[in-house]
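Basis for what follows: all heavy atoms, side chains included, without hydrogens, waters or symmetry-related copies. In each ligand, atom 1 is the first atom listed, and ligand 1 is the first ligand listed. Numbering starts at 1 and runs along the sequence shown.
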Amino acid sequence: MSLEVNLLSKPRFDVISIFPEYLAPLSLSLVGKARENEVIEIAVTDLRDFAEGVHRSVDDTPYGGGAGMVMSAEPWAKAIDSIASERSSHHELIILTPAGKRFNQQMAYELAQRDHLIFACGRYEGIDYRVTEHYRESPDFTVREISIGDYVLNGGEVATLVILEAVIRLIPGVIGNPASLEEESHSLLGENEEQLVEYPSFTKPAQWRGLDVPAVLLSGNHGEIARWRAEESMARTKKLAE
Ligand code: JB8
């Protein structure tokens, strides 16, 4: 899998939410540093800035009945159009929903090559589906409905944090040691092309609370070490399938 360099413009990430404070972790750690170093740009937009009326309402009752509220299309379209109008590039609109395609490492590699990602974080029973339909009709947008797993969150914010962390660490210049990314990108496939889990890691001391580091790792025999790690990865992957 290739990790193409973005030569034209720095990657831009927009997040739209009614709880912008939920995205505060994007100022921390590796992602926060990448922003400070201007390798990437992230902006968080409050959906309510695009809502009308004294109450700045962003939701309404569902057609067809049922519990809960649905987020109205118009504030979303105003926010998305405003964000898109600031950039000439193609826009990848990512709508978080439990009904979306399951996020995986392959998708992280794909998204890491895009210039502009817009994350729409719904709440309540989700966003009026015509928002998805509308942007799917636009040649300026690719719309992806994504889920991070088979459980239900209260909204898309935490899922967005997960996806951004997985994507941003793959962008050239974000991680200090690209050798670890290179290793990650082609070491983790088994004989049937399945994703293998990592082998276990150990550091000093060699004995700790009666537990020894596997002797092969102290042997200095790099061929033996590589073979041991591959076997551990395969055994652990098989065990997870039980
Ligand atoms: C309302 O579990 B989730 C998820 C749940 C949500 C919304 C978005 C994503 C919006 N509930 O992936």
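In this structure, atom 5 (C) of ligand 1 lies nearest to the protein heavy atom Leu153 O, 3.3 Å.
By the criterion of a heavy-atom distance under 4.0 Å, both the backbone and the side chain of Pro98 are placed next to ligand 1. Using a 4.0 Å cut-off between heavy atoms, Arg123 contacts ligand 1 through its backbone alone, with no side-chain atom that close.
The ligand atoms of ligand 1 that sit less than 4.0 angstrom from a heavy atom of Tyr124 are 1 (C), 11 (N). For ligand 1, the atoms lying closer than 4.0 Å to a non-hydrogen atom of Val152 are 2 (O). Here is the list of ligand 1 atoms found below 4.0 Å of a heavy atom in Tyr151: 2 (O).
Tracing side-chain contacts under 4.5 Å through hydrophobic residues (I, L, V, M, F, W, Y), one reaches Val162 starting from Leu30; they form part of the same cluster.
In this structure, of Leu96, Thr160, Val158, Ile148, the residue bringing a heavy atom nearest to atom 8 (C) of ligand 1 is Leu96.
With rounding to the nearest 0.5 angstrom, the CG atom of Asp14 is 10.0 Å from the CZ atom of Phe119.
Shown here for Ile42 and Val31, the closest heavy-atom pair between the two residues is CD1-CG1, 3.7 Å.
The backbone N or O of Cys121 sits nowhere less than 3.5 Å from a side-chain atom of Ser17 that would complete a donor-acceptor pair.
Using a 4.5 Å heavy-atom threshold, the side chains of Glu92 and His116 count as separate.
Side-chain atoms of Asp81 and Tyr135 form a donor-acceptor pair, as typed in the model, at a separation below 3.5 Å.
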